[in-house]
S.K.: 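Handing you this structure, nothing more for now.
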Amino acid sequence: MEKEKFYITTPIYYASGDLHLGHCCTSVYADALARWNKMLGKDVFFLTGSDEHGQKVAEKAEKAGLSPKQYCDELVKKFYKLWEMLNVKYDKYIRTTDEDHVATVQKIFKKLYDQGDIYLSSYEGLYCTPCESFWTESQLVDGKCPDCGREVKKAKEEAYFFRLSKYGDKVKEYILSHPDFIKMESTKNEMISFIDQGLNDLCVSRTSVKWGVPVPFDTKHTVYVWIDALPNYISALGYLSSDESKFKKYWPADVHLMAKEIARFHIIIWPAILMALGLPLPKTIHAHGWLTQSGVKMGKSLGNGFNPYVLCERYGVDAVRYFLLKNGPILGDAPYDNETFLKTINTDLVNDLANLLSRTSAMLVQNFDGVLPKLSANVQEVDANLVNETVEMKENVEKLMQKLETNNALSAIFKVVRLANKYIEDTAPWKEKENKERLGDILHNLYFVLHSVAVALLAFIPETAQKILEALDNKDCLLETISKEYNNKLCGNKTQKTALYQRLDIEKEIKYLEVDSVRETEQKKEEKSNHKPDITFDDFEKLEIMVGKILTAEKVENADKLLKFSVKLGKETRTIVSGVAMHYEAEYMVGKEVLVVTNLAPRKIRGIESQGMILYAYTDGDKEFCFVSPEKEISDGAFVG
RNA sequence: CGCGGGGUGGAGCAGCUGGCAGCUCGUUGGGCUCAUAACCCAAAGGUCACGAGGUUCGAAUCCCGUCCCCGCAACCA
């Protein structure tokens, strides 16, 4: 009989910078699910990889003085290293620069074009010639290119489009008729309402981006991310290649795992592409939440991602894996902070698990020279309860893993660890030194629990689980061993006294980690402190800055951030709109003296003409923010220079 | 009326296909000595945002209204 298959994927991470703890969360999560399903005897295929095309990668490479491919090659080495470090054991690592992937993408593109699902049209927007970039109205700064500050002009670019609009209803219908398709109810609602807003056809090629897969029949275009990155899930299996055996075996995917910000692409665009190709859709898409710090998403763009390399090196892989699988954002968002991380490790892994092994192994060594005695026939109620709970644990974990809930599965396992610690209190083995049979039974049952727990943990924290099995001198690692029958026949293994983890000095470690993150943010600051280019005195002279007195202030309707001021500047009074509603109450501003740039070209904001700009002082991300006032009261209309 | 998520003991969360309010940490008191100052027990602590609102024999859980937080969108000279 053929084995049941299980195909699980992570997203292919974008190769434009280092990975952070959030990426680790997805990958470790996927790894645990893959390992678990292997233990269930399934034929598992676990795919991960990297997305290496696009403008951003090309730019990064240029800055580093490398070709895009060289740049990716270097960066991807770090990715490999991270997954190796975290014991993420994938079956295939796909890179979008792989030749066979490129070939598949081109075939897909052609196929969709030939059948009319991709068509040539034009993309209209505002174009900056030197930067070779299109911008939308709202991206412009001062009506000019946000990158270089130069004029943009309306331009049309020839581009290929995918008929997404044609598939919206079908995708929606599919979502509604397949309750397991999207794990998270909230995500499901969001996606449906997104579809209901109406879908536009999707631009799937660029002529302005050179670093990408060339459109096979029109090579001045490159394939844009949708048709390049998303099909990795099937190109990795050899779809449309000379050998489709893997594709036939593993597709459709059982689980696509990802963080929620890319849910939309996987739930709407990807299924539409698959439908166009006439392929079955993945069974489950699970878009998990984010690790957050004080409510903010943790990521490289914010410069506050905690360094997974540091955490692994100092506390061990399994500490990180355990934390991510237990406290990570398996469903909604989850807060991360160093203290919670350290406490979780100390409490669960050290105090509960490692200590259980320590005390059990110590007693076995002291009283039986480590050799596990046979179970007697005198089973007491406490014994039976403990064994039953352990066997039940296996069933619970199986159910929870079926639902992809590693956090609850781990809770179920550690519940048994606690029960075992309690069992020791209840049976007080140290009082049974004279009664070898009873003492033997107690330790035997504890041994069984430890063994069962270790087996159950193999998917989650494999290194630790393996160490426990070694300490127990036991090589059986099948889930079937978590049973009464197995317990009954256990005996003879020679346990060694083992300390799995050292207790962490939390205060000391917090300091260590803080120092580390301070170091990191300082580096980031330095990188960011690029000053603007020098200007001449003449340039400066062009500015007219005056002291103004705020006469009235009110909130602008339908805009969260805007306040509308009337500002007295000597004889004249002007209307100025400013984006500070998040920082100041309107009433508070009335009567204040502020500095105003008075010769800035007027601009309409939300229908109101703003005739100048009020100056503010602020730090990165507006963490500190204030307006600038003269040191003492001075007549409004006074010049600043 | 833009879209969406959320408001549960000091902290972080679960419960939300309705039936005595639960978990981890923290706090207080006690126990044990096999174990890594670990482990075990007990206690305190919540009118489950608000509405003397609706449905129901019964609501944290379903419906309605209000307030507040957080994302996205809009907007930021």
Side-chain angles (χ1 to χ4, degrees), chain A residues 137-138 141-143 184-194 196-197 260-261 263-264 289-290 292 294-297 326-327 329 331-337 339-340 342-344 346-367 405 407-408 411 414-415 417-433 439 442-443 446 497-504 506 556-563 576-583 596-616 622:
Chain A
E137 189 84 40
S138 61
V141 175
D142 267 339
M184 299 277 288
E185 205 62 30
S186 55
T187 309
K188 190 184 287 184
N189 295 335
E190 223 171 313
M191 293 306 133
I192 287 173
S193 79
F194 187 82
D196 286 342
Q197 284 167 36
K260 65 185 180 186
E261 77 276 7
R264 192 189 290 170
W290 294 326
T292 61
S294 24
V296 180
K297 182 191 169 193
K326 173 78 192 298
N327 289 9
L331 297 169
D333 292 349
Y336 174 88
D337 66 86
E339 192 178 349
T340 308
L342 296 165
K343 255 186 194 161
T344 303
N346 255 2
T347 304
D348 292 358
L349 294 183
V350 185
N351 294 348
D352 290 347
L353 179 62
N355 188 38
L356 178 66
L357 176 64
S358 179
R359 60 204 306 208
T360 305
S361 59
M363 287 188 277
L364 272 166
V365 169
Q366 281 161 27
N367 298 291
E405 292 173 16
N407 52 344
N408 293 328
S411 293
F414 275 76
K415 183 182 152 205
V417 172
R418 282 171 198 185
L419 284 174
N421 276 318
K422 180 170 161 51
Y423 174 80
I424 297 180
E425 300 299 322
D426 292 345
T427 54
W430 51 89
K431 286 184 185 160
E432 309 286 352
K433 290 232 156 127
L439 180 59
I442 293 169
L443 294 178
L446 285 168
K497 181 156 169 33
T498 306
L500 279 179
Y501 286 97
Q502 285 309 308
R503 232 184 122 64
L504 302 171
I506 296 204
V556 176
E557 258 179 73
N558 297 328
D560 292 347
K561 294 190 180 176
L562 302 181
L563 291 184
I576 297 178
V577 176
S578 196
V580 290
M582 314 302 268
H583 301 285
V596 180
V597 178
T598 48
N599 64 338
L600 192 71
R603 177 153 181 228
K604 274 208 172 177
I605 300 161
R606 275 269 151 195
I608 302 162
E609 187 177 84
S610 181
Q611 304 155 322
M613 178 164 86
I614 297 174
L615 297 180
Y616 299 90
D622 288 357

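First the proteins, then the strands, lettered A, B, ... as listed; each starts at 1.
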S.K.: Just how far, in rounded Å, is C1' of B:rC76 from CD1 of A:Ile614?
M.R.: 13 Å

S.K.: Indicate, with a heavy-atom threshold strictly under 4.0 Å, whether A:Asn355 touches base, sugar-phosphate, or nothing.
M.R.: base

S.K.: If you look at every strand shown and take non-hydrogen atoms under 4.0 Å, does A:Asn327 touch a base, only sugar-phosphate, or nothing?
M.R.: nothing

S.K.: Any chance you could lay out the salt bridge (Lys or Arg N to Asp or Glu O under 4.0 Å) test for A:Arg359 and A:Glu425, step after step, and finish with the verdict?
M.R.: CA-CA 12 Å; A:Arg359 60 204 306 208; A:Glu425 300 299 322; 3.3 Å; yes

S.K.: Measure the distance from OH on A:Tyr501 to C1' on B:rC39 and round it to the nearest whole Å.
M.R.: 19 Å

S.K.: Give one of base, sugar-phosphate or nothing for A:Ser358, where a contact means two heavy atoms less than 4.0 Å apart.
M.R.: base

S.K.: Is there side-chain contact between A:Val580 and A:Leu562, with at least one heavy-atom pair below 4.5 Å?
M.R.: no

S.K.: By the 4.0 Å heavy-atom rule, please label A:Thr344 as base, sugar-phosphate, or nothing.
M.R.: nothing

S.K.: Mind checking if A:Ala499 touches a base, just sugar-phosphate, or nothing, with heavy atoms under 4.0 Å?
M.R.: base

S.K.: Of all the choices, B:rA38, B:rC76, B:rU33, which nucleotide is nearest to the side chain of A:Trp430 once you look at every atom?
M.R.: B:rU33

S.K.: Quick one: does A:Ser361's side chain have a donor or acceptor within less than 3.5 Å of a partner on A:Ser358's backbone?
M.R.: yes

S.K.: Using side-chain heavy atoms (C-beta onward) and a distance below 4.5 Å, is A:Leu563 in contact with A:Val577?
M.R.: no

S.K.: Which is true for A:Gln366 with a 4.0 Å heavy-atom rule: it touches a base, it touches only sugar-phosphate, or it touches nothing?
M.R.: sugar-phosphate

S.K.: Counting the atoms with a prime plus P, OP1 and OP2 as sugar-phosphate, which does A:Lys497 contact under 4.0 Å by heavy atoms, base, sugar-phosphate, or nothing?
M.R.: sugar-phosphate

S.K.: What is the nucleic acid contact for A:Val597, judged by heavy atoms within less than 4.0 Å: base, sugar-phosphate only, or nothing?
M.R.: nothing

S.K.: Give A:Ile605 one of three labels, base, sugar-phosphate or nothing, depending on what nucleic acid heavy atoms sit under 4.0 Å from its own.
M.R.: sugar-phosphate

S.K.: Stem finding on RNA chain B, please: runs of three or more consecutive Watson-Crick or G-U wobble pairs, both distances under 3.5 Å, sorted by first number.
M.R.: B:2-7 with B:67-72, B:10-13 with B:22-25, B:27-31 with B:39-43, B:49-51 with B:64-66

S.K.: Side chain of A:Arg418, heavy atoms from C-beta onward: which of B:rC32, B:rC25, B:rU24 has the nearest atom to it?
M.R.: B:rU24

S.K.: Need one value for A:Ser578: base, sugar-phosphate or nothing, where a base atom within 4.0 Å counts as base even if backbone is also close, heavy atoms only.
M.R.: sugar-phosphate

S.K.: Any base atoms under 4.0 Å from A:Lys422, or only sugar-phosphate, or nothing? Heavy atoms, all strands.
M.R.: sugar-phosphate

